[in-house]
Amino acid sequence: MSVLITNIGELTTNGQERGAATDPAAALDGFAAIADAALVIEQGRVAWTGPASRAPAADEIVDAEGRAVLPGFVDSHAHLVFAGERGAEFAARMAGQPYRAGGIRSTVAATRQATDGQLRANLRRLAAEMLAQGITTFECKSGYGLTVGDEERSVAIAAEVTPEVTYLGAHVVPPEFDGGPAGYIDLVCGSMLDACAPHARWVDVFCEQGAFSRDEAAAVLAAGIAAGLEARVHANQLTAGPGVQLAVEVGAASADHCSNLTDADVEALATSATVATLLPGVEFSTRHPYPDARRLLDAGATVALATDCNPGSCFTSSMPLCIALAVREMHMTTQEAVWAGTAGGARALRRTDVGHLGIGARADLVMIEGPSHAYLAYRPGVPLVAAVWRAGERVA
Ligand SMILES: [Zn+2]
């Protein structure tokens, strides 16, 4: 059973990998598109791309009527296992109160009280919300349980909906360890890790003033890596701290936030395989200054965009919003921003099967109301997603 999608106004392919994963410079040249294009899906994979005039026959034909088609968005940073909501905190922040990492604790209290069924239902609702908006691959973190049992059920429930599960026991120190955070580090690196590692691919830590210090974060990452997990780091969000340097030192796939960087941080990212994942929805929702994407791109760093969907600092699941913010507020080109929300996210998750539409890629596609990828930034806030395919199957 083959499906031909034809009369595509612009098909963003991002090319094929061709070994580019080992060449950081090549990653920046990744945006590629074909005008007046067609694409064939076979067995859940991209089987052919090219000019519509040369498209082969297929069992089924979909007429895109000039709309653009892109790779499904890859959201490499999301916190979707939680209970409760913080709309009032958001309103207070907009009325002038500052954002602090400790606000996470209110979600921790609600999450601990929730049943598995409530956590699962909330997660599935958010996952469906993402899919309807074109996110066909997403990462999902724990980090609102902060007990062995609550972290274990968080990663187990996350693993029901995505293979990209991240153990974030080191999100904040929970209130019961206020007198001695060292005891909490022991737990995160010990029995909590033992319980969570079987359900997770990644280990993450919030390295920030008010969360975890460099030495604490290093201990968490080392323990996770020793348990077979791969590293990613919440780094340099609120202050130019040690997070980015630590991420590069341990060979993390990604340093996320990167909102406050020194020259040495930019250099470290530009000369390593660690992706700089920018989360502009956070700055939008906290009225903080946006990360300097141009400085990173011009230095040669690989930049990804992700939503950071979470109930506190940024409750959006919209990659088109993040792309629009990246273009309008962070001076990325439309091509750079779309690449960062697709292939960049794939790099940040060390995935080569998604984020592009080269031959053999998973057939994850987004069709938008508009003739080119630029419409994602050109028409901000408009629901442009016309159709979504995941692994060749029409899902929205
Ligand atoms: Zn986060």
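Just so it is clear, the model here is predicted, and its values are computed rather than measured. In each ligand, atom 1 is the first atom listed, and ligand 1 is the first ligand listed.
Under the 30°/60° scheme for interplanar angles, the aromatic rings of Tyr378 and Tyr375 are found to stand perpendicular. Ring pair Phe315/Phe82 is perpendicular by interplanar angle, where above 60° counts as perpendicular and below 30° as parallel.
Under the 3.5 Å distance criterion, with hydrogens and angles disregarded, no donor-acceptor pair is assigned to the side chains of Thr162 and Glu139. Between the side chains of Glu42 and Ser2, not a single donor N or O lies within less than 3.5 Å of an accepting N or O. Checking Asn310 against Ser313 by side-chain atom types alone, a donor-acceptor pair falls below 3.5 Å.
Protein N/O/S atoms closer than 2.8 Å to the Zn ion (ligand 1): His77 NE2, His79 NE2, His234 NE2, Asp308 OD1.
In this structure, the ring of His234 has its center no less than 6.0 angstrom from the ring center of Phe212.
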